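Working notes for the structure below.
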Amino acid sequence: MLLSIREVPQLAGRCFAAAGFPDGTAQTNADAIWWTEAYRGSGLTTLHRLLDDLSTWDRSALSLADRASMVTTVDSSEQPSCVSAGPALDLSCSQAQQHGIGITYTSIAPDDESLPLIGHTAYRAAERGYVPIVLYTDTEKGAGTIVGTPDEPQPLIAERTFDDPSVGYVKVMDAIERGLHQYRNYPLMQAFFDREEENRYSNAETRLLDRLMRRSMEPSDRPLPTDESGFLIVCIDPLHPRYPNEVKGIVEQFIADEADEFTTVFRPEDVQERVGKMVNEGVEIEREIWDDIFEYSSGVLAPPFEGSRDDAGFGLE
Amino acid sequence: MAFSDNHFRFNTGSLRNPSDLMQPERLGALKQTRLSFARLLVDKMAREQWQIDLVEVDIDEEGNGRAVYNIKTPSRLFSFAVQSRKSSDEENTDRIIADTWDMETFLCEGRATPEFIESQFEELPNVRKGRATPEVLIWARANRSSRFFDHIVDSLAAGHQPDIEFLSKGGYLTRSSGYYGNGLNGTKVFAAMDDDHPLKRPFMAQMLSVYMLRVFGYDLADEMAKARNPDAATLSDDIKRYLGTGNSSGVGIILYMVNHPQFVNSWIRAREVALARAKAMEPTADDVETFERLVENAETWFSEDDSDTERFFLSKDRIARELEQTLAQVKTLQDNAGSDTLWTRLCDWAETNLEAETQEVLHALLIDVHPEVCEGLEDSLTTAETSDVKPEMSLAELESLVTTSYQWALDIDMSRPEAQHYVWYRSVENEEPRIGVREDFEHEEYEIEAAIARQVHRLYADLQDAAPADTVAEFLFENPEHREVVERIQTVHNLPYGEIRGNPLDEEFVPLTYISCLKAIWGIQKAHPKSIGWVRGTFFQGAPLRDELHEGKHSYWAYPAQPEQAEHWRDN
């Protein structure tokens, strides 16, 4: 059967609201379901898999473990990434606007069924005008790197998946474990400049960006300093004075150079065609899956109560 | 300060202050204008000479059966299909989530095949779970008017016309209760329409369905009468033109107004710009003559409307009397020249001498006298309703937005118990938004947030405990419950006409104000309260008939005069 493209976020939003999420947060998560459907073709099936657990998710379990350092760290208390991705993205964006770069690390529950939604953070950051680099590691499900270029309405997003964490992820986690991240910018630079290497960029900031991205495309042969699952959202403000004007071009060049290495490149023209098809023809969904989602979404409807009315007006006549 | 707006010049100060205009009572007084969607549709249909053909009809004497219409526009063909049945008065409730209706209809793109029609009429009765296809623009359901429909069919079957005096008390044969489109139930989404799509404007597909229900109502009556008596009369064109489509709307549509501030701002701003442009024009003698004629039409229209307006609307007689005063005042002002234009002086006089509803009729008529003032504004009615949190914003800046653009909300004393007397929720009994008394409500977790003012109060209170230099990102991390209102404030704060400055939770809340405003936006003409939260009214009264559209016959139709009772209409 077919749903209209508008029904995807509407149904998803109702499901999250039925699970007890505040309206604004429910809508953010619903947008992530929409993105996953539009980009990966699996938003609704992901939502369906999550239904049994939605009501156990607890947004209030999140706490800011460190907000003063270069890398903001969020303790999610074993909540899945869907619960923390939105707030973590906001923190990275606001840091990026202030300092040019914003990095947020968030621990997550292992075997996170909501992990496919994490790409939405890269998309949303790009929509907001930032260069996003999202690195994730799930000890059960594997790891990945997602990068994007800032643009509207359809940013260029590319993803590589790994069995093990990327070098970039391990290096940032090392810096966090060693406390280097508390020294603002340069210690992180040191983490990525641990050996002499040719680099086409002369500006230190753009070299850092280039190396961070390239290291994030290599699987690490070193173990993680922690057995924790988590994700890093790195946002770079290309308009910040510390960056030359070439940031967007650097990311585009990087994606072009590494095109063969990415598992998936969501090219704007391809996404536009896919979204256009969804707009015009609807979104395919199995009837049984829709029945379950529809039923769950009905949880926002209040049961009858004394004084409730079933008519359209009150104080009639 | 004057500025040029295309070739119009008007004073920015003449755009009304949102503090006055966005009060619910004032919005409830707004009337349909040339920028209302029903009127925009008729203008387009007549300008482009749309052809509407009844291509299939099979109706028995009780009204059971089907009809199919083709609607040919210069670029596309649409089909409108109706399944009609006779339901009992007990079944006929007018509710969107009812069990049965007299009519189930759909509007779709292209020529509807018999198989397609069959499949849609199988799905249409399932209000919540029924599935349309992307070719379908609108699903709608409607009922016959219990007062007037039988009278018309009985009269026609008896070989004469119905009693026009009686019909004028209502003004319609069929009354719709809800239009499902833009993706609901799998219907075509607005975004899927090309820019040159004939219905690529907000609510145009809905309005075409409303118009088609008017068309079908006449054909239904004629077909039923003919089935009863082969020599039956057919409904006179004069009567058809005078009647429209009824509409019944309750509190469910209020949340549309609350949840679509960008759309509300677009429409009201367009209307205000049109009015400001009109007021800035110095009328010619012909313009004044046109104005006087339109006012006389409207005066007659209101004086002939004897529907009960209860205590919530101004009586129609009062409006008629005040319009008469307006005519006299025009002459007085003409004799005493001033520095402002005649229309500006007239509106200034109206502001202190006429009730709000009459003022708004006057405003609508001024726009009608100078239809060119709507030039370019139609395009501004389509808005992209996107928004996102701006996490980088400092809390000092956010608080500044609250205390400037949302001071009206802070001025509402939400601590009074009566300020939160009502609660909004969606009921499992009917799914639509509903309003109930809070003290009877046992399910707090199901409450829908309908009061922006309360959200702003709560946000403002928590902002006082936060560091002004902190960012919105940091604040929302600790206070995720404010995400929705923060995003709204960041998005809407610079839209002067986006927020209705009322409190839908207050014990004194009058839902009719919000409902009437949306109905003015749609283009309803007669509107009369069935209760404090339920408005019935009429669309397309006076609008050209389907054959007249195709012939390009189109004149001003907004306030039609009641047809004279012809000798041959009744023999009793």
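To find a chain, count down the sequence lines: A is the first, B the second, and so on, and within it residues start at 1. Given the structure is predicted, the values throughout are model-derived calculations rather than measurements. All values below were derived from every heavy atom in this structure, side-chain atoms included, with hydrogens, water molecules and symmetry-related copies excluded.
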Salt bridge check: are B/Arg488 and A/Asp23 linked by an N-O gap of less than 4.0 Å?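 Salt bridge: no.
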Strictly distance-based, threshold 3.5 Å: is any side-chain N or O of A/Arg6 a donor or acceptor partner for the main-chain N or O of B/Leu184? no
With a 4.5 angstrom heavy-atom cut-off, which part of [X] approaches chain B: side chain, backbone, both or neither?
X        : value
A/Gln27  : neither
A/Ser60  : neither
A/Val283 : neither

Pairwise distance [atom1]([X]) to [atom2]([Y]) - rounded to 0.5 angstrom:
X        : Y        : atom1 : atom2 : answer
A/Arg128 : B/Asp388 : CZ    : CG    : 4.0 Å
B/Phe477 : A/Leu91  : CZ    : CG    : 6.5 Å
A/Ser92  : B/Glu392 : OG    : CD    : 11.0 Å
A/Trp290 : B/Arg131 : CH2   : CZ    : 5.0 Å
B/His482 : A/Thr25  : NE2   : OG1   : 11.5 Å

Specify which of [options] makes the most heavy-atom pairs with chain A at under 4.5 Å.
options                                : value
B/Glu439, B/Glu487, B/His443           : B/His443
B/Ala191, B/Gly186, B/Pro433           : B/Gly186
B/Asn182, B/Leu476, B/Thr187           : B/Asn182
B/Thr133, B/Val472, B/Asn185, B/Val485 : B/Asn185

Give a yes or no on whether [X] atom [atom1] has more than 12 heavy-atom contacts from other residues, nucleotides or ligands under 6.0 Å away.
X        : atom1 : result
A/Lys277 : NZ    : no
A/Glu273 : CD    : no
B/Glu385 : CD    : yes
B/Glu444 : CD    : no

Which heavy atom in [X] sits nearest to a heavy atom in [Y], and how many Å separate them?
X        : Y        : value
B/Ala473 : A/Ser94  : CB-OG, 3.6 Å
A/Val279 : B/Val189 : O-CG2, 3.5 Å
A/Gly282 : B/Pro134 : N-CG, 4.4 Å
A/Ser4   : B/Gly183 : OG-O, 2.8 Å

A/Glu7, A/Arg124, A/Met1, A/Gln98: which one forms the most heavy-atom pairs within less than 4.5 Å of chain B?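 Highest number of pairs under 4.5 Å: A/Glu7.
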Any non-hydrogen side-chain atom of A/Asp291 less than 4.5 Å from a side-chain atom of B/Lys129? yes
Are B/Tyr446 and A/Pro303 close enough that some pair of their side-chain heavy atoms sits under 4.5 Å apart?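 A side-chain contact exists here, since the closest heavy-atom pair is under 4.5 Å.
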A/Asp90 vs B/Arg483, side chain to side chain contact (heavy atoms under 4.5 Å, CB included): CA-CA, chis, key distance, verdict: CA-CA 11 Å; A/Asp90 290 344; B/Arg483 187 177 192 86; 2.8 Å; yes
